[in-house]
Structures are given as C-alpha cells and as structure tokens.
**Student:** 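The following block contains the structure, expressed as structure tokens.
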Amino acid sequence: MRLFLDTADIEEIREINRWGVLRGVTTNPTLVEREKQDPERVWKEILQEVDGDVSLETTEPEAGPMYEQGLRLSQMGPNAVVKVPMTPAGLQAGSRLVKDGVRINVTLVFSPAQAILAAEIGAYIVSPFLGRIDDVASDGMYALRQICEIYEVQGYETQVLAASLRHPMHVVEAALAGADIATLPFDVFTKLVKHPLTDVGLQKFDQDWNALQRELKGGA
Ligand code: G3P
C-alpha cells in the first residue's frame, strides 16, 4: 500500500519526503485554503517537490467548466491527477477527461455503489472517505473492504485510495483490506512512526553505550 500525504502544506510534505516513504500527495479545496496563497503557486510547488501522484481538485460545479478546469489542472505537471467529485457533473466531466487520457481521482465517495460508478468511467483512483463515514455512525472500514472486494471480483483496475484517515489503526486496517493507497494527514503520519517501546529501547541503548565509553576512558 502506497502512502500519500493529505495536505497542501509544503513544509509537511518536505518533512515526510525526507523519510523516504512518500509516494504522493492529495489536496482538496479546504487544504489549499489553509495555505492562504495563490492555489496555482501552492500546486506547482507540491508537483515539483513530490516524485509521485499529486491530486488537484476541480471546483467548478457544472460538467463543462469542470472538464475545462480539469484539463488545465492536468497540464500543470506530468504527476498531476485531477480530482472530480462523485456527482453527475463529476462523472460527466470525469469520463470526458478519461477519454482525453487524463488520470482522474473520483473523490467524496462514501459507498460501494458510488465506487462502482467511478470504476466504470475508468477512474485512475477512487477515494472513499472512511473517517467521514464513521462520523455519521456508519462503518467506513466495512465500506472500504466491500469496495476492495468488488474491484477484485470485477477485475477493475481503478486504484482504491483510503482517505479521511484519522488514526494509525485506520492505516493498518486499510492495508489489511487491500487498499492500493492510503492518504494520511501529517499528524497521522507522525503517529505511525511512534511507539513507546522504541523510545524506551533507544534510551537504554544510549545509556549502555555511554556507560561503555566511560568504562573505556576510565580503563585507559
Ligand atoms: O482529502 C480528502 C480526505 O482525506 C479528507 O479528510 O479528515 O477532512 O475527512 P477529512
């Protein structure tokens, strides 16, 4: 399962990129708004920084303008993936973009039925929002497992990207379910690396190493 960062913050992207595990980035209008900058500038910087897919989201509500905007976004870089929403207009614009050879990510997906539609238009990525399904007292992980199973049974090539992940167990369970990609906010990424026994173990190794240095100096 490839790990993406769900952010438009270039400093967060640079930090996780240094770890060597970053395979892509997803952005959305909310994340771009947080940067308080010209969106084009934000997207260009991310596209240059990341050696992997970067999802840029359309904002036009009607199919025609959404298609035109999607074409422009796709031309921003070879690693640009165009996000369209799971709406009739999104499907219409998305299928036109696919016919033009543009890689699309169908977003705001909350059910297996919607995921079937995304696969049928030849989407490159489908993004079920697990955390937001949990937020309405439903089971996001169950929906993800169903989507992965349907795609397997039907031989769909659309990649399943588990989105709206809120904690490390979401990531672990998404991997078990067979998601192709998981997109994580920065804080979830940093929680993945943490374990109290790693800290305790490192402290002990450090103490013992320093004790050895003192012993060697004392014996000299
Ligand atoms: O980028 C899409 C998705 O990951 C948003 O997550 O936390 O706003 O539900 P969230």
Side-chain angles (χ1 to χ4, degrees), residues 1-13 15-17 21-37 39 42-43 45-47 49-50 52-61 66 69-70 73-74 76 79-87 90 94 103-112 114-115 117-118 123-145 147-148 158-175 177 179-192:
M1 185 175 75
R2 292 185 290 147
L3 299 177
F4 285 17
L5 194 53
D6 197 27
T7 188
D9 182 331
I10 194 70
E11 291 311 321
E12 292 183 352
I13 293 166
E15 170 64 17
I16 302 299
N17 218 0
V21 295
L22 190 66
R23 301 288 172 258
V25 166
T26 48
T27 65
N28 63 38
T30 304
L31 296 170
V32 173
E33 187 277 337
R34 282 185 200 151
E35 300 311 302
K36 312 287 180 210
Q37 284 182 57
V42 172
W43 287 324
E45 213 171 10
I46 299 172
L47 287 161
E49 172 66 25
V50 180
D53 296 333
V54 178
S55 287
L56 314 177
E57 189 153 346
T58 55
T59 50
E60 292 288 346
M66 192 191 296
Q69 187 185 23
L73 291 175
S74 74
M76 289 191 70
N79 51 342
V81 175
V82 175
K83 263 182 164 180
V84 296
M86 172 45 71
T87 58
R103 298 180 309 158
I104 66 160
N105 173 351
V106 180
T107 190
L108 290 167
V109 166
F110 296 93
S111 73
Q114 292 179 320
L117 290 174
Y124 174 64
I125 288 173
V126 64
S127 293
F129 278 29
L130 275 62
R132 293 195 197 181
I133 297 175
D134 293 350
D135 287 344
V136 294
S138 200
D139 189 343
M141 200 52 68
Y142 181 64
L144 178 73
R145 281 196 297 271
I147 293 167
C148 289
T158 302
Q159 296 178 77
V160 180
L161 181 152
S164 185
L165 303 182
R166 305 281 167 78
H167 49 73
M169 281 314 291
H170 264 156
V171 181
V172 171
E173 287 178 28
D180 300 287
I181 305 162
T183 193
L184 287 55
F186 183 76
D187 73 306
V188 177
F189 238 116
T190 57
K191 281 178 189 162
L192 281 189

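Whatever order the structure lists ligands and atoms in, that order sets their numbers, starting from 1.
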**Student:** Can you work out which protein residues put a heavy atom within less than 4.0 Å of ligand 1?
**Tutor:**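 Ligand 1 is contacted, at a heavy-atom distance under 4.0 Å, by Asp6, Asn28, Lys83, Phe129, Arg132, Ala163, Ser164, Arg166.
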**Student:** Rounded to the nearest 0.5 Å, what's the gap from CG on Leu165 to CZ on Phe129? Could you check?
**Tutor:**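 Leu165 atom CG to Phe129 atom CZ measures 10.0 Å (nearest 0.5 Å).
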**Student:** Hey, what do you get for CD (Glu12) to OG1 (Thr7), rounding to the nearest 0.5 Å?
**Tutor:** 4.0 Å
**Student:** Decide yes or no for Val21 and Phe189: does some side-chain heavy atom of the first lie under 4.5 Å from some side-chain heavy atom of the second?
**Tutor:**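 A side-chain contact exists here, since the closest heavy-atom pair is under 4.5 Å.
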**Student:** Does a salt bridge link Asp180 with Arg23, judged by any charged N lying under 4.0 Å from a carboxylate O?
**Tutor:**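 No.
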**Student:** Within the structure provided, determine whether Leu73 and Lys83 are in side-chain contact (heavy-atom separation under 4.5 Å).
**Tutor:**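 Not in contact.
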**Student:** Between Thr27 and Ser55, is there a donor-acceptor pair closer than 3.5 Å when you use the side chain of the first and the backbone of the second?
**Tutor:** yes
